[in-house]
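The analysis underlying the following values was restricted to heavy atoms, covering all of them including side chains, and did not include hydrogens, waters or symmetry mates. Being a predicted model, the structure only gives us computed values, none of them experimental. Order of the sequence lines fixes the chain letters, A, B, ..., with proteins taken first and strands second; residue numbering starts at 1 for each chain.
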Amino acid sequence: MSNIVVDKSKVPWWVSNVIVPLVNLTLALLVSGLFVFIAGENPIEAVKLIIYGSFGYIQGFAYTLYYTTNFIFTGLAFAVAFHCRLFNIGGEGQAYIGGLGVFLVAINLSFLPVPIVWLLAIFGAFLFGAAWAYIPAYLQSKRGSHVVITTIMFNFIASSLMIFLLVDVIRDTNQMAPHTVKLPEEIWLPSFEAFSGILGVKIRYSPLNLTFLLAIASLFFVWFLVWKTKWGYEMRAVGHNTQAAIYAGISPHKNIIIAMCISGGLAGLLGVNEILGVSHKIQAGFPAGYGFTGIAVALMGRNHPIGILPAAFLFGILYQGGSEVTFEMPNITRYMFVAVQGLIILFSGALENLFRPQIESFFVRRLNREVNA
Amino acid sequence: MVSPILELTDINKSFGHVQANKNINLKINKGTIHGIIGENGAGKSTLMSIVFGLYQANSGSIKINGKEINLRSPRDSIINGIGMVHQHFMLVENFTVLENIILGFEGETVFGEKLQKAKEDLEKLCKTYNFNIDLDATISDLSVGFRQRVEILKSLYRGAEILILDEPTGVLTPQEVDELFKILRSLKDEGKTIVLITHKLIEIMDLTSEVSVMRQGEMVGHTKTEDTSKEQLAEMMVGRSVLLRVDKKEIKKGETIFKVNNLSVKDDLDVTRVKDVNLEICSGEILGIAGVTGNGQTELLEALSGIRKVESGNIELFGEKISDQNNFLNPRMLKEKGLAHVPEDRQRMGLISDFKAHENLIFGYHDQEPYSKSAILNNKEITEYSNKVMQEYDVRPNSPNLITSNFSGGNQQKIILSRELNENPKVLLVGQPTRGVDIGAIEFIHQRLIDMRDKGAAILLASVELDEILSLSDRIIVMFDGKIVGEKENKNVTDRELGLLMAGVA
């Protein structure tokens, strides 16, 4: 029985928050490299392709940041609920419904001045996402139905509801595919091409748009909310110890609902990026798994905005670089990269504590020696 | 001379920077009850965990019957005849007594002969030591006292010659303590060796023949129990002399400010735990509630502090009805009216152990100025305030940014106390203020409560420590089975009188 007992208060913050995640990530990538090797390709070449694809040329980098934007939203969504110890697995559905919110606001209010339409559309995305999360939150707080179960169900309900709407209610009737008409061009969010033109760089197309700044602002918003306001304080209190929260006069019901609604709202903002920024219409299945990957982003980022930013960026690199690899290497399919993501989740989430005690005790001993010397 | 059954030489053990055991030497003779006493965090439990093989010492040697042995796991210790009963029992709740005892030592894949044999052996053991346990009972149906017996029986069945008990009485009622002591004495008479870890002086004096005192990781003394006194041991434990009785001024009773009328309260399982209770507290008075754990004190305090619904009856504060069966004020509103509450169970209710100390210091007051303004927390104010109160209440270490679970029990309790007393409440509800707290802190906490009383607060004190009730209260009520069965002015009341009331016989 090898029991390593580490005095947690002696572990420097950078060991547990930087070194340990990096070790886990490296391991995940090593194992992924092994898969690539087994598939008959050179792992080093694959890494080169990933780096080239995501950083090597400006358009690729723009794509990386576009994916990063989506992951920031869904990662933050999961993190906020998690601080109240709620596992919101429903980011996918909340994002889907959030998209509906953006579209309905934007198309119905397009006569207003453009910046106001944007603000209202962002608000609409947040509100619809929040409303979709409200129902599971209510069921959890009043009836004790576990949010993990209900949010998963609500993903399916959201998907069916949207298909119904896209086929029978809001479909662009001039064609057969399940998507809506495009929004009027004046209210599209300015894309990166427009900016790059000003900077003197000419690129063909990129999905990166102003929403990226909204994502960065959301990082600040979540940090401020969770650690600097009494609402965040109360949410964390309920999450850590519900009994104690009741003792202090903090209502668990209220805070479960607040946390879930903010979480759902943040997931809903993904709709702003996809609809106001990129495709300008609702297409069936546009959240495309970002909601689920957001869980991994949040876990890897230790549910803190400072961690979520690099984690989201890393997944952005994998998405963009990965598509480059599948394009260049015939033996590597898109699903290989799903497996890579899976490995990252496995190592940084499920096997989080595999090496943590050893690494922490190693550093504690090292630092002690320095102090004593 | 015969070599001692257990001998420790120069044991050292550290966790990170903290040295929990420094050069410990200890000899324990066969057939004795040996007490190890010390404050919380003195290193008693760590030392015994080393003996039981849960931790490995950094250096030092362990000898059993003069033979040096290497203990790498509890299994090694069990083979060498060492058994340990932990503070928190290690039993599978939905297994029977028999199943729990043979767990890990079944000896056969399909139960048959060996199980039968084990049962017979156990029945014999039970008879020898008067255990009175039904081997086929399920653990979850047993009271805490019986569960502890199962643990002892488990160790004996596995061949323990040395039995280590870590704070065995912390969870027991006085009657159960008596029963336990009877069992321990009969074990000693049969030649077993018992090591008793505790911070209660009375138990040492009652039960042991030899005692070793630990302080801050070091062994500060060994003595025969008959050669020492409670006062002397207490002094060795804390390193200075302590007052075991509190100095208290004559009571200056004001008007009645808190009143409970015909109150009944149900617990979570819908069982009525508080039955038709009436009480009044005046300003400048401490009303003590004595009683064995589980006689409704918990539910009473929870109802009075706005955590639990009132079933019938009502509660009045300054003549204003604050709770009855139809509506009750929540804890936050009660705080605004000047009612503070130090809950019985600090881990479960009083604190959030994962929060930093400064976050716990404003817990429940976090939405009041100056700690927060229009929903935004004011970190500067909170840190300043935390530094100030942590100094005032001598919370060690004085670091507001440390996670609360890293503080010892006594210091956690000081954090709660400072928070609840800081607003100068008019009514203070206190449950088990010194449970699991070391002597130095007990003295401090008692003094603070007396100061509050002298300032004119009305204090309701519930405690299972009779000593505490007797030394602090001006008036004492006794609860039994949810009812108030007696009320006494605290003048010439004896332990015996109260004990009989608590047992429900008087």
Could you tell me if Lys335(B) sits above the aromatic ring of Tyr365(B), with its cationic atom closer than 6.0 Å to the ring centre and no more than 45 degrees from the axis?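 The answer is yes; both the distance and angle limits are met.
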For His86(B) and Phe52(B), take the angle between the two ring planes, folded into 0 to 90°, and tell me which bin it lands in: parallel under 30, tilted 30 to 60, perpendicular over 60.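 His86(B) and Phe52(B): perpendicular rings.
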What is the ring orientation for Phe363(B) with Tyr233(A), classed by angle as parallel under 30°, tilted 30 to 60°, or perpendicular over 60°?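 Ring orientation, 0 to 90° scale: tilted.
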With a 4.5 Å cut-off on heavy-atom pairs, point out which of Glu302(B), Arg346(B), Met333(B), Glu420(B) contacts chain A the most.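 Looking at each of Glu302(B), Arg346(B), Met333(B), Glu420(B) in turn, Glu420(B) comes out on top.
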Against chain A, work out which of Asn330(B), Asp354(B), Leu334(B) has the most heavy-atom pairs shorter than 4.5 Å and name it.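 Answer, by heavy-atom pair count under 4.5 Å with chain A: Asp354(B).
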Part of [X] lying under 4.5 Å from any heavy atom of chain A:
X         : value
Arg308(B) : neither
Ile376(B) : both
Asp345(B) : neither

Has the side chain of Asp267(B) got a donor or acceptor atom that lies under 3.5 Å from a matching backbone atom of Glu299(B)?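 Such a contact is absent between Asp267(B) side chain and Glu299(B) backbone.
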Mark yes when over 12 heavy atoms from residues, nucleotides or ligands other than Lys337(B) sit less than 6.0 Å from its NZ; otherwise mark no.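 Not buried by this count: 12 neighbours or fewer within 6.0 Å.
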